Amino acid sequence: MPRSVAVALVTAGLIAVTATSAIITVAVTKPDDRRAVTAAGAPSKAIASPTTASTPASPPGPVPSTPAAAPHTAPSVPAPASTVKGTVSGGRHEGDLRYFLLPIPAGGESYGPADGMPTTDEDLSAIYEDGLDIMRILRSYHYKDGATRTYRTADGKAEVTVTLLRFRSAADASDYAKNHTMDGDPVEIAGDPAAHGFVRKPKEQAYTGSTSGISVQGDVEYKVDVDVKGTPDKALLNEVMKRQRDWLTSGR
């Protein structure tokens with residue numbers, strides 16, 4: 001879902017810049033279900049031919065006893081296990097960064113691959129306005145790679161996007177997070193003094209409002225965006241931020 005986002009990055013020796021994306025949409029949509037589905041053949045059912053009024057039906061005769069057919073049961077197919085792996089020690093995250101994306105809660109539905117997607121240079125550049133060399137800015141902080149995933153909550157009322165950016169060191173990640181701001185009114189992120197958040201209320205309740213939180217754990221900056229219809233409540237943002245922080249800390 002497109003989101004109204006403006007980001008300012010203040011870097012050493014660089015001018016503050018802003019960027020704005022497309023106008024937000026009015027509702028959270030249901031993600032496509034891309035899972036392969038195999039239809040199991042159901043037992044065929046005989047349909048009796050109707051009798052006509054001119055032909056009286058014959059009285060039923062004795063029904064021969066026949067063994068009941070065993071019900072057809074589709075074989076149980078286990079869900080494929082993720083092959084994405086990672087480890088964390090002393091705030092340093094190794095392996096596939098997608099591993100550290102907070103697992104989708106029960107009943108949630110992923111937009112795109114369930115494991116999330118690597119964030120390419122082109123993806124990051126597309127967020128910002130033309131003329132801004134965001135990759136040059138990121139590389140000045142010794143940026144290494146990124147990952148992202150968007151999912152729809154089980155109740156269908158919110159869309160959550162988690163984005164991780166990994167840097168060479170915890171100091172680089174912390175510096176970048178401190179200088180990473182967004183448009184909207186500032187809000188406090190509960191339980192994390194290093195985090196900062198923003199809320200964007202829609203002009204009308206029929207439109208989409210959003211909240212965003214930015215923080216850091218070790219060498220990874222993490223950002224959570226929550227889109228809802230109408231005025232957003234930061235409770236869900238606080239919850240997801242805490243769970244993401246805990247997952248980055250322990251890797252489980």
Side-chain angles (χ1 to χ4, degrees), residues 1-11 16-25 28 91 97 100-105 108 111 116 119 124 127-128 134 137-138 141 143 146-153 155 157-167 170-203 205 207-249:
M1 173 181 297
R3 173 183 300 108
S4 178
V5 176
V7 181
L9 293 174
V10 182
T11 65
V17 293
T18 60
T20 305
S21 68
I23 300 300
I24 52 181
T25 57
V28 174
L97 192 59
F100 297 101
L101 289 165
L102 180 69
I104 299 174
Y111 289 79
T119 302
L124 291 168
I127 299 173
Y128 302 88
I134 183 60
I137 295 174
L138 282 167
Y141 287 95
Y143 165 76
T148 187
R149 177 170 55 207
T150 298
Y151 66 87
R152 178 177 179 264
T153 55
D155 60 10
K157 294 182 178 180
E159 177 187 284
V160 178
T161 299
V162 177
T163 303
L164 308 180
L165 300 180
R166 178 162 48 187
F167 295 83
D172 291 326
S174 179
D175 287 344
Y176 181 82
K178 289 176 182 177
N179 294 313
H180 186 171
T181 65
M182 304 181 69
D183 69 333
D185 299 323
V187 294
E188 181 181 350
I189 303 298
D192 187 357
H196 49 286
F198 305 88
V199 60
R200 292 167 291 276
K201 299 178 182 179
K203 294 181 179 179
Q205 290 302 302
Y207 288 83
T208 302
S210 61
T211 54
S212 298
I214 298 168
S215 193
V216 64
Q217 206 294 312
D219 57 358
V220 172
E221 186 222 45
Y222 61 98
K223 182 167 72 75
V224 174
D225 300 299
V226 179
D227 291 341
V228 297
K229 183 178 179 181
T231 300
D233 182 347
K234 70 173 185 176
L236 179 57
L237 175 65
N238 282 328
E239 175 194 338
V240 178
M241 287 288 288
K242 180 183 185 307
R243 290 170 52 226
Q244 180 62 70
R245 181 170 65 252
D246 292 345
W247 185 263
L248 281 166
T249 302

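Computed from a prediction, not measured in an experiment: that's the story for all the values here.
Ring planes of Tyr143 and Phe167: perpendicular class, angle over 60° (limits at 30 and 60°).
Take Arg166 and apply the salt bridge (Lys or Arg N to Asp or Glu O under 4.0 Å) test, not counting sequence neighbours, and it matches Asp145. Remark: Lys242 pairs with Asp246 by the side-chain hydrogen bond (donor to acceptor under 3.5 Å, both in side chains) rule, at least two apart or across chains. With sequence neighbours excluded, the residues that form a side-chain contact (heavy atoms from CB on, under 4.5 Å) with Ala195 are Ile189, Asp192, Ser215, Met241.
With Gln244 contributing its side chain and Phe100 its backbone, the two residues share a donor-acceptor pair below 3.5 Å. Remark: the backbone N or O of Leu102 is not paired with any side-chain donor or acceptor of Arg243 at under 3.5 angstrom. The backbone N or O of Tyr111 sits nowhere less than 3.5 Å from a side-chain atom of Thr150 that would complete a donor-acceptor pair. Between the Gln205 side chain and the Thr231 main chain, a donor and an acceptor come within less than 3.5 Å of each other. For Arg200 (side chain) and Thr208 (main-chain N/O), no donor-acceptor pair under 3.5 Å exists by modelled atom type. The backbone N or O of Glu188 sits less than 3.5 Å from a side-chain atom of Lys234, completing a donor-acceptor pair.
Here Asp155 contributes atom CG and Arg152 contributes atom CZ; the two are 8.0 Å apart, rounded to the nearest 0.5 Å. We find the OG-CG distance between Ser174 and Asn179 to be 9.5 Å, quoted to the nearest 0.5 Å. The structure places NE2 of His196 at 11.0 Å from NZ of Lys178, a figure rounded to the nearest 0.5 Å. To the nearest 0.5 Å, the span separating OG1 on Thr119 from CD1 on Ile127 amounts to 7.5 Å. In this structure, OG1 on Thr153 lies 11.5 Å from CD1 on Ile104, to the nearest 0.5 angstrom.
No option in Thr163, Asp183, Asp225 other than Asp225 meets the side-chain hydrogen bond (donor to acceptor under 3.5 Å, both in side chains) test with Ser212. Test Thr148, Ile214, Thr161 against Lys223 for side-chain contact (heavy atoms from CB on, under 4.5 Å) and you get one pass: Ile214.
Residues Gln217 and Arg245 approach most closely at CG-O, 4.1 Å, considering heavy atoms. Between Ala147 and Leu97, the closest heavy-atom pair is N-CD2, 3.7 Å. Minimum heavy-atom separation, Asp227 to Ser210: OD1-CB, 3.0 Å. In terms of heavy atoms, Val224 sits closest to Val162 at CG2-CG2, 4.2 Å. The nearest pair of heavy atoms linking Gly184 to Phe198 is O-CD2, 4.0 Å. Pairing each heavy atom of Leu237 with each of Gly213, the nearest pair is CD1-N, 3.7 Å.
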*Would Thr211 and Val187 satisfy side chain to side chain contact (heavy atoms under 4.5 Å, CB included), going step by step from the backbone distance to the final call?*
CA-CA 9 Å; Thr211 54; Val187 294; 5.7 Å; no
